[in-house]
2 protein chains.
Amino acid sequence: MNQTHPDMPTPAPGADRLPPLPVTVDTVILTVLEGRLQVVLVKRLDEPFAGQWALPGGFVHPTESLESAARRELEEATGAGDVYLEQLYTFGAPDRDTRGRVVSVAYFALVAADRCPLTPHRLEAEAHWFWVKQLPTMAFDHLDMLQVALQRVRTKLEYTTLGFQLMPETFTLQELQKTYEIILDRELDKRNFRRRLKLLDLVEAVGAKRAEGPGRPAELYRFKDVDFFHLREKGFFLPF
Amino acid sequence: MNQTHPDMPTPAPGADRLPPLPVTVDTVILTVLEGRLQVVLVKRLDEPFAGQWALPGGFVHPTESLESAARRELEEATGAGDVYLEQLYTFGAPDRDTRGRVVSVAYFALVAADRCPLTPHRLEAEAHWFWVKQLPTMAFDHLDMLQVALQRVRTKLEYTTLGFQLMPETFTLQELQKTYEIILDRELDKRNFRRRLKLLDLVEAVGAKRAEGPGRPAELYRFKDVDFFHLREKGFFLPF
DNA sequence: CCAATAGTGTCTTTCAGACAGTATTAT
DNA sequence: ATAATACTGTCTGAAAGACACTATTGG
């Protein structure tokens, strides 16, 4: 009822003080790998849910921002830096951790497969990629987090340039389309897909070609430096 | 780096413990009143920012969910219950409160003007509606919160039934359109607006009419019980 | 020349945007 | 009758969806 904030993490006396809460970040790290949409899970060492798989996450340090914390966890889990990261939702049900009240700010990250070491960077706990259609039992409410992330990514894929984050520097249009198909979990029409790309003026040919086995080699493309204002005018929205 | 969560709000010993953080909720309460989009602000009594205006907010109690906390603050500030409430974003910059680290989960609410007592329900602090285009200086990062809320509402207004939350039980189509115009801050075409409503099959005539001064009386409408699955098929998305 | 992959064009439908006239009521 | 408000229909252009053929390469 009182609109003031507490003085410090170490509570000072006062009628309106309430115990501070542990705050964690958990990150849904997604990539497209081996033709599948995959998420990083780490094996829990401690109770509760010891031995089960969980999203990489951890405490927010007192001096870092929430995003910094998420980015730190991300780098520790995958070794990949400079990736797309977006706040997802904050989970704060009183019983979401069996040991007591923990508030968790969930983030999601999109990492390009080529920028992401396959081998787990994390030594003390196992970290693995899991196909999102074949998941193990997950600790806490982490499955909820993942599902929210998937919905968000799929939705935003259609009206943002989110998908670009999963591609290497240069790529063929077929590869790009395949990436979209994998995330959206449905097939797209090749001609319509390319028409839309051309219309939005998002990619440019890099001049080189790449032969994919036999058959005509595919033109290589890169993403143009996008004028976001221009995109917005075309009805394209931005990631938050 | 450790993926486990702490045991309790009262930290137990362990290498991975970090001090818990004060967690608050702040709520952007919006309504359309007197032809304007308005937001509830309360006058701060304590330092810092004493005397300045802020979003209604407060601590998350140990046993309540984040949404419950937001709803509690909402009712205390406006007296209105059973209103649309949606989590907005979590603000956690280390320096967002000058006294120390505070994490704030922002929510936004849409309350129908007729369900919302104009007089401040809150006795110990002044609470007022402010036109979002004529705001006082606001405490903390609350202006950021408000702007995120406005953007979210405006975006979602176009592909969800969010706007319905601001209407009374029955209303004329002109009133509905006006509400949309006020929120979006631009004029809409009457015929196109109605065509879309009809296409989406969102409203039904209630049978009565209401005379608005001289001229032909307007048909009264109510919202249909919407089949959300059906809406989704029509390209309509749901609020989260 | 054959197999394999890359690349392109058209038709149809749907919907948004722009726009002006008719209908109903009170005075 | 007139003023005031409520209500409706059409044309046009943009874009999505469905769909099939041509082009280039290696073997």
Side-chain angles (χ1 to χ4, degrees), chain A residues 35 154-161 163 167-168 170-181 184-222 230-237, chain B residues 35 154-160 163 167 170-181 184-222 230-237:
Chain A
R154 284 172 179 147
T155 304
K156 279 196 141 175
L157 200 64
E158 308 206 347
Y159 61 95
T160 67
T161 55
M167 303 304 296
T170 64
F171 49 87
T172 67
L173 294 187
Q174 195 208 159
E175 288 168 342
L176 182 61
Q177 181 179 341
K178 186 73 63 93
T179 299
Y180 272 71
E181 287 176 336
L184 295 176
D185 199 27
R186 62 185 162 95
E187 297 197 337
L188 303 175
D189 183 86
K190 194 206 295 198
R191 290 157 293 187
N192 295 341
F193 182 78
R194 288 167 188 231
R195 175 179 50 188
R196 185 162 167 73
L197 279 180
K198 191 168 288 180
L199 181 70
L200 293 171
D201 198 31
L202 294 179
V203 297
E204 60 189 356
V206 72
K209 292 176 190 294
R210 175 194 302 164
E212 196 70 45
R216 178 173 172 178
E219 191 74 37
L220 284 173
Y221 287 83
R222 75 163 73 89
H230 193 221
L231 270 186
R232 200 176 252 284
E233 294 223 311
K234 291 190 180 178
F236 228 66
F237 290 89
Chain B
R154 283 172 178 148
T155 304
K156 279 196 142 176
L157 199 63
E158 308 205 347
Y159 62 95
T160 68
M167 303 304 296
T170 64
F171 49 86
T172 67
L173 294 186
Q174 196 208 159
E175 287 168 343
L176 182 60
Q177 180 179 342
K178 186 74 62 95
T179 298
Y180 272 72
E181 288 177 335
L184 294 174
D185 199 27
R186 62 186 160 93
E187 297 197 336
L188 303 174
D189 182 88
K190 194 205 298 197
R191 288 157 294 186
N192 296 341
F193 182 78
R194 287 167 188 231
R195 175 178 52 188
R196 186 161 167 73
L197 278 180
K198 191 167 289 181
L199 182 69
L200 293 171
D201 198 31
L202 294 179
V203 296
E204 61 189 358
V206 71
K209 293 175 189 293
R210 177 194 301 164
E212 197 70 47
R216 177 174 172 176
E219 191 73 40
L220 283 174
Y221 287 82
R222 76 163 74 88
H230 193 223
L231 270 186
R232 199 177 252 285
E233 294 224 312
K234 291 190 179 178
F236 229 64
F237 289 90

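So that the names make sense, note that chain A is the first sequence line, chain B the second, and so on, each numbered from 1.
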Looking at [options], which one has an atom nearest to any side-chain atom of [X]?
X        : options               : answer
A/Arg194 : C/dT8, D/dC7, C/dT5   : C/dT8
A/Ala218 : D/dA20, D/dA15, C/dG7 : C/dG7
A/Glu219 : C/dA20, C/dG7, D/dT5  : C/dG7

* Asked: When you check the phosphate oxygens OP1 and OP2 of C/dC15, does a side-chain N or O of B/Arg196 lie under 4.0 Å from one of them?
  ->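 No, B/Arg196 has no side-chain N/O under 4.0 Å of OP1/OP2 on C/dC15.
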* Is any side-chain N or O of B/Gln174 closer than 4.0 Å to OP1 or OP2 of D/dA6? ->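 Checking D/dA6 against B/Gln174, a side-chain N or O does come within under 4.0 Å of OP1 or OP2.
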Could you tell me how far apart [X] ([atom1]) and [N] ([atom2]) are, to the nearest whole angstrom?
X        : N      : atom1 : atom2 : result
A/Arg210 : C/dA4  : CZ    : P     : 21 Å
A/Gln177 : C/dA6  : CD    : P     : 10 Å
A/Leu176 : C/dG7  : CG    : C1'   : 15 Å
A/Phe193 : D/dG17 : CZ    : P     : 13 Å
A/Asp189 : D/dA15 : CG    : P     : 17 Å
B/Leu197 : C/dA16 : CG    : P     : 11 Å
A/Arg191 : C/dT10 : CZ    : C1'   : 10 Å
B/Leu188 : C/dA18 : CG    : P     : 11 Å

* **Angle of first-five versus last-five pair axes in the helix from C/dC1-D/dG27 to C/dT27-D/dA1, to 10 degrees** =>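 Overall, the helix from C/dC1-D/dG27 to C/dT27-D/dA1 bends by 20° from one end axis to the other.
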Closest heavy-atom pair and its distance - [X], [Y]:
X        : Y        : value
B/Ala218 : B/Thr172 : CB-CG2, 3.6 Å
A/Glu219 : A/Ala208 : OE2-O, 3.6 Å
A/Asp185 : A/Arg154 : CB-NH2, 4.4 Å
B/Val206 : B/Arg222 : CG2-NH2, 3.0 Å

* Let me know, please, whether B/Thr172 or B/Asn192 comes out on the 5' side of the other along DNA chain D by nearest nucleotide. =>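 Result of the comparison: B/Thr172.
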* **Counterpart residues, side-chain hydrogen bond (donor to acceptor under 3.5 Å, both in side chains), relative to B/Gln174 (two or more places apart)** =>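 Per chain and number, B/Gln174 pairs via side-chain hydrogen bond (donor to acceptor under 3.5 Å, both in side chains) with no residue.
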Between atom [atom1] of [X] and atom [atom2] of [Y], what is the distance when rounded to the nearest 0.5 Å?
X        : Y        : atom1 : atom2 : value
B/Asp189 : B/Gln177 : CG    : CD    : 7.5 Å
A/Glu204 : A/Lys198 : CD    : NZ    : 13.5 Å
B/Thr179 : B/Glu181 : OG1   : CD    : 9.0 Å

* Side chain of A/Arg195, base of D/dG17: donor and acceptor closer than 3.5 Å? ->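 Counting by modelled atom types and ignoring angles, a donor-acceptor contact under 3.5 Å is found here.
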* Test item: A/Tyr221 and A/Leu176 side chains (from C-beta on) under 4.5 Å apart, heavy atoms ->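 The answer is no, as the side chains (C-beta and beyond) never meet within the 4.5 Å cut-off.
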* Can you list the steps and then say if A/Glu158 with A/Leu184 is a side chain to side chain contact (heavy atoms under 4.5 Å, CB included)? -> CA-CA 9 Å; A/Glu158 308 206 347; A/Leu184 295 176; 3.9 Å; yes
Just the table, please: protein N/O against nucleotides 24-27 of chain D N/O, every pair under 3.5 Å.
{"from": "D/dT24", "atom 1": "O2", "to": "A/Arg216", "atom 2": "N", "distance (Å)": "3.3"}

